[in-house]
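Residues take their numbers from the sequence shown, with the count starting at 1. As a basis for the values below, the full set of heavy atoms in this structure was taken, side chains included, without hydrogen atoms, waters or symmetry mates.
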Amino acid sequence: MARKFVVLLSAGLDSTVNFYAAKNEGDVAMALTFDYGQRAAKKEIEHAAEISRRGGVPHRVLALPWFRDFTKTSLVDTSMAIPTGKAKSVSIDDMNVSAESAKAVWVPNRNGIFLNIAAAFAEGLGADAVVPGFNLEEAATFPDNSEDYLLAASESFRFSTSNQVKVHCFTSHMMKSEIVALGRRLGVPFDLIWTCYFGGDAPCGECESCLRFKRAKDQGGET
C-alpha cells in the first residue's frame, strides 16, 4: 500500500527535495508552509505555492504570528543583523563560526511546533507520516535537524496521534550536495527553490543558507 504524507514545505532545498521524494514514494495529502513572521515569508509562500501547484498537491499556509512573543531571532526581528559572508559573520567551513551564526537565526522549538501541527493534520487526513526538510550538514549546529530528533518526535507521536504518525525525512542522512544530486534525479525545479533568509527580489547570495546552497550546487553538479 502506498504511503501518505504531509510535507512541511518552505521552498528551500531540503523541503523541496523531500516534497518530490514523498511524491515519488507515495501520495502527498498536503503541503504546509508556516508564516511565523520571518523576513522571507512572502517569498517562501510564493515559491511553495508554485511548487505545490506544479506537483498537484493541496497547499496550506498557516500563520503563527505569536512566534514574535518568544523569539528574538534575526529571522524575525529586523533590528538584528542576519549573519552574512560579506559581514564575515558566516563561514560555512568553520564550525566555531557556524555555531555562533546559528545562535542568531535560532528560533525556540520551531521544528517542534511545526512537526506537532503537521502531525495533527496528518492524523486528520489519514496520512502515515509528516516529512520535514532536514540534512546532516546542518544537524551539526541545529540538533533539531538530527536523525535522533526525528526518532524522538516519532516516539512522541506514538502517544499523541491515534494512527501513530511517524516523522520521515528522506534527506536527514545527507549532505547538501547529496541532496542536490537527489533533486536532480527526481526532476526538482531548482528555479523555484528559495533558500535565502532575506525576502528581497532575488536571493542575497551572502547569508548562510544561500552560501550552503551555492556550495551544494557546485559540488552536486549543475542544475
Side-chain angles (χ1 to χ4, degrees), residues 2-68 75-76 107 109-135 144-145 150 153 157 161 163 165-172 179-180 182-203 209-210 213 223:
R3 300 177 70 185
K4 192 173 184 179
F5 304 102
V6 169
V7 177
L8 282 68
L9 183 62
S10 70
L13 170 65
D14 307 325
S15 71
T16 303
V17 172
N18 273 276
F19 175 84
Y20 272 79
K23 278 180 55 63
N24 185 63
E25 183 160 317
D27 173 43
V28 177
M30 182 172 289
L32 297 177
T33 303
F34 295 97
D35 177 358
Y36 57 95
Q38 71 273 34
R39 301 190 203 203
K42 184 173 183 292
K43 284 293 186 179
E44 291 178 8
I45 291 167
E46 289 175 358
H47 285 248
E50 180 59 18
I51 291 166
S52 300
R53 187 193 69 79
R54 290 195 191 182
V57 170
H59 179 235
R60 179 81 179 267
V61 179
L62 298 178
L64 307 175
W66 37 267
F67 265 59
R68 290 184 178 275
L75 298 184
V76 174
V107 180
N109 199 30
R110 178 178 61 181
N111 286 339
I113 293 169
F114 289 178
L115 286 173
N116 270 278
I117 293 172
F121 272 90
E123 180 179 349
L125 293 168
D128 309 289
V130 296
V131 181
F134 296 161
N135 67 86
D144 61 350
N145 265 241
L150 295 179
F157 295 152
T161 57
N163 60 336
V165 170
K166 301 292 191 297
V167 183
H168 183 78
C169 180
F170 296 91
T171 62
S172 59
I179 297 172
V180 166
L182 174 60
R184 294 185 69 198
R185 294 195 298 272
L186 292 171
V188 168
F190 280 79
D191 59 307
L192 290 183
I193 288 175
W194 184 269
T195 61
C196 189
Y197 286 152
F198 295 92
D201 292 334
S209 188
C210 280
F213 184 42
T223 58

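Closest non-hydrogen pair, F19 versus A31, comes out as CE1-CB, 4.2 Å. The heavy-atom pair separating L8 from P132 by the smallest distance is CB-CA, 4.3 Å. Considering all non-hydrogen atoms of both residues, A122 and V130 come closest at CB-CG1, 3.8 Å. Closest non-hydrogen pair, A41 versus D35, comes out as CB-OD1, 3.5 Å. Pairing each heavy atom of P203 with each of C210, the nearest pair is CB-SG, 3.9 Å. In this structure, V17 and G183 approach most closely via the heavy-atom pair CG2-CA, 3.9 Å.
Side-chain atoms of S209 come within 3.5 Å of backbone atoms of T195 as a donor-acceptor pair (strictly under, hydrogens ignored). Looking only at distances, no side-chain donor or acceptor of H168 sits under 3.5 Å from a matching main-chain atom of V131. Proximity of a side-chain donor or acceptor of K43 to a complementary backbone N or O of W194 within less than 3.5 Å is not detected. The closest donor-acceptor contact from the side chain of N116 to the backbone of G112 lies under 3.5 Å. When atom types are taken as modelled, the side chain of D128 and the backbone of K4 share a donor-acceptor pair closer than 3.5 angstrom.
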Check the pair L182 / Y20 against side-chain contact (heavy atoms from CB on, under 4.5 Å), numbers first and verdict last. CA-CA 10 Å; L182 174 60; Y20 272 79; over 6 Å; no

Before giving the answer on side chain to side chain donor-acceptor pair (under 3.5 Å), spell out for N18 and T171 the whole-Å C-alpha distance, their side-chain angles and the decisive distance to 0.1 Å. CA-CA 7 Å; N18 273 276; T171 62; 2.9 Å; yes

Run R54 and L192 through side-chain contact (heavy atoms from CB on, under 4.5 Å) and show every step you take. CA-CA 10 Å; R54 290 195 191 182; L192 290 183; 3.6 Å; yes

May I have the step-by-step check of side-chain contact (heavy atoms from CB on, under 4.5 Å) for N145 and N111, ending in yes or no? CA-CA 8 Å; N145 265 241; N111 286 339; 3.8 Å; yes

Assess the residue pair F67 and R110 against the criterion (side-chain contact (heavy atoms from CB on, under 4.5 Å)); give the C-alpha distance rounded to whole Å, side-chain angles, the decisive distance to 0.1 Å, and a yes or no. CA-CA 9 Å; F67 265 59; R110 178 178 61 181; 4.1 Å; yes

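Distance check, rounded to the nearest 0.5 Å: CD1 of I193 to OG of S10 gives 9.5 Å. Distance CD/E25 to CG/L186: 10.5 Å, rounded to 0.5 Å. Atom CZ of R185 and atom CG of N24 lie 10.5 Å apart (nearest 0.5 Å). Here L32 contributes atom CG and S15 contributes atom OG; the two are 11.5 Å apart, rounded to the nearest 0.5 Å. Separating the CG atom in L150 from the CG atom in L115 is a distance of 7.5 Å, to the nearest 0.5 Å. Remark: F170 CZ to D14 CG distance equals 13.5 Å, nearest 0.5 Å.
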Donor-acceptor pairs are to be reported for all side-chain atoms of residues 56-64 against protein atoms at under 3.5 Å, with residues two or more places apart or in another chain.
unit_1 : atom_1 : unit_2 : atom_2 : d
H59    : NE2    : T33    : OG1    : 2.7

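Ring pair F34/F114 is parallel by interplanar angle, where below 30° counts as parallel and above 60° as perpendicular.
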